[in-house]
**Q** 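Okay, handing you the structure first.
Everything quoted here is computed from the prediction, not taken from an experiment. Just so we're on the same page: letters track the sequence lines, and every chain starts at 1.
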Number of protein chains: 2
Amino acid sequence: MAIEHALLVSLRERPAGGLELARRFDRSIGFFWPATHQQIYKVLHRMAADGWIAPTGDEGARTTYAVTPRGEEELAAWIVRSTPTERLRSELALKMRAASYGDRATLLAEIEGRVAEHRIRLAHYETLQRRDYPEPTGLTGQDLDQYLVLRGGVLLEEFWIRWLTEYLEAHA
Amino acid sequence: MAIEHALLVSLRERPAGGLELARRFDRSIGFFWPATHQQIYKVLHRMAADGWIAPTGDEGARTTYAVTPRGEEELAAWIVRSTPTERLRSELALKMRAASYGDRATLLAEIEGRVAEHRIRLAHYETLQRRDYPEPTGLTGQDLDQYLVLRGGVLLEEFWIRWLTEYLEAHA
DNA sequence: CCACACTCTGCAACTAGTTGCACAATTCGG
DNA sequence: CCGAATTGTGCAACTAGTTGCAGAGTGTGG
């Protein structure tokens, strides 16, 4: 339902082909919307068929798409449409609750690993933050929005670290 | 991949039928794993066919399932299996980033509504916390786990409120 | 006792996303 | 220049989850 719009946003920022988009998803955009290249290609075709995007300057094998006026309209319309609240779906949370039916020690080890992962991701986001937005107070428009989404990534990682750490401490 | 196990956990706590399970999912278990009754029925059939659960004391139309030994095994095996890190998928985050391509005022209003929702949910969780776990320091085993998952719900709501509020303030 | 509402079960069709693979074009090291 | 690795595109089959609907059974107020 929304990957189309994620692609529109990314293509609005700069035209690109499928793989390039997939790479961008692995970085910024994908913090909050993971996608594989296969799915991206599938959706790109649909979007091109619907006239939301169009190939620019055919350079042979690789196709670069740009957003059409029709796509701009759709993007604006989507932003205004209301979005249902999203629920986090966490298998790990389930396991934490179920721990007493299995081997708790193994689960605790897994959680420790997960905390380490989140710390790494957090450090990565903080590096980006320092590099790209050293002085956030002056930001406006798109830059401000990008910064705030990155900020969301930071807060989310902090949530995970805090929660998992509390779990570990309670079972120490 | 995991709804089966969520159902096992819930049925382990107390045998039940499809609708009753759906109701439980709307409450505690579903904090981190939403599911509709239709899907629950579908999965229950599969699980019964696989021998993970079995109907208990046939009471006519409504079927109550309980976890079999085979199901217990599966539950324990699942807890030990490692889980891929989950990514939050947020359409709202995308919109925040895309705001400058549409009507920002409308989006800000929507975000305000969302904050209100999260505050309500947070208050609800805190009520549960006070009611069911007034003295968390003495908890052990399953009770402790349930408490800690509820605690995760609280932290998650706080994450949302904080992030969305920062966004609103930055665009005030 | 009968109409109406509610509970419980479930099917069908669909949409979104994943996994595994294949193949062409390009670049790059020897 | 040639073989190998990498980049870019994409199909096919599958799994998970959603939406919309329907019918059977139970209880309840007039």
**Q** Grab the N/O contacts between the protein and nucleotides 5-7 of chain D below 3.5 Å, and write none if there aren't any.
**A**
none

**Q** Under the rule for side-chain contact (heavy atoms from CB on, under 4.5 Å), what residues qualify as partners of B:Thr106, not counting sequence neighbours?
**A**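 Partners of B:Thr106 by the side-chain contact (heavy atoms from CB on, under 4.5 Å) criterion, ordered by chain and then number, come out as A:Val80, B:Asp103.
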
**Q** If the cut-off is 4.0 Å, is A:Arg89 near the phosphate of D:dA16, judged by side-chain N/O to OP1 or OP2?
**A**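 Indeed not, no polar side-chain atom of A:Arg89 lies that close.
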
**Q** More 5' along DNA chain C: B:Gly17 or A:Thr36, using each one's nearest nucleotide?
**A**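 On the 5' side of the pair lies B:Gly17.
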
**Q** Name all pairs fulfilling the salt bridge (charged side-chain N to carboxylate O under 4.0 Å, His left out) condition that reach into residues 121-133 of chain B, sequence neighbours left out, sorted by first residue then second.
**A** B:Arg121-B:Glu157

**Q** What is the distance from CD1 of A:Ile40 to C1' of C:dA16, rounded to the nearest Å?
**A**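 After rounding, the reported distance stands at 14 Å.
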
**Q** Whole angstrom is fine here: how far is it from CD in A:Glu91 over to P in D:dA16?
**A**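 My rounded result for the distance is 11 Å.
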
**Q** Give the rounded distance in Å between these two atoms: CD of A:Gln39 and P of D:dA16.
**A** 16 Å

**Q** Can you check the B:Leu21 CG to C:dT9 C1' distance for me, whole Å?
**A** 13 Å

**Q** For A:Glu86 and C:dG17, give me the distance from atom CD to atom P, rounded to whole Å.
**A**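 About 13 Å, once rounded to whole Å.
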
**Q** Show the distances under 3.5 angstrom between N or O atoms of the protein and N or O atoms of nucleotides 10-13 of chain C.
**A**
unit_1: C:dG10; atom_1: OP2; unit_2: B:His45; atom_2: NE2; d: 3.2

**Q** Does a side-chain N or O from A:Arg46 land closer than 4.0 Å to OP1 or OP2 of C:dT15, or not?
**A**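 Answer no for this pair, as no side-chain N or O of A:Arg46 is under 4.0 Å from OP1 or OP2.
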
**Q** Once salt bridge (charged side-chain N to carboxylate O under 4.0 Å, His left out) is applied, what residue pairs with a partner in residues 63-74 of chain A remain, sequence neighbours excluded?
**A** A:Arg12-A:Glu72, A:Glu74-A:Arg81

**Q** Excluding sequence neighbours, so at least two apart, what forms ring pair (Phe, Tyr, Trp, His ring centres under 6.0 Å) with A:Trp52?
**A** A:His5

**Q** Using whole Å, what does the distance between atom C1' of nucleotide D:dT18 and atom CD1 of B:Ile3 come to?
**A** 12 Å

**Q** Atom CG of A:Asp50 and atom C1' of C:dT15: how far apart are they, to the nearest Å?
**A**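 Distance, rounded to whole Å: 15 Å.
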
**Q** For this output row, return yes or no: ring centroids of B:Trp163 and A:Phe31 closer than 6.0 angstrom.
**A** no

**Q** Which pairs pass salt bridge (charged side-chain N to carboxylate O under 4.0 Å, His left out) with one or both residues in residues 140-152 of chain A, sequence neighbours excluded?
**A**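 Output for this query lists A:Asp145-B:Arg104, A:Arg151-B:Glu166.
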
**Q** Under 4.5 Å between side-chain heavy atoms, hopping through other hydrophobics if needed: is there a path connecting A:Leu19 to A:Val43?
**A** no

**Q** Could you pull out all residues at least two apart from B:Arg46 that satisfy salt bridge (Lys or Arg N to Asp or Glu O under 4.0 Å)?
**A** B:Glu4

**Q** Given a cutoff of under 4.5 Å between side-chain heavy atoms of I, L, V, M, F, W and Y, with clusters grown through shared members, what are the other residues clustered with B:Ile120?
**A**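 None; B:Ile120 is a cluster of one.
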
**Q** Roughly, in whole Å, what's the span from CG in A:Leu44 to C1' in D:dG10?
**A**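 Atom CG in A:Leu44 sits about 11 Å away from atom C1' in D:dG10.
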
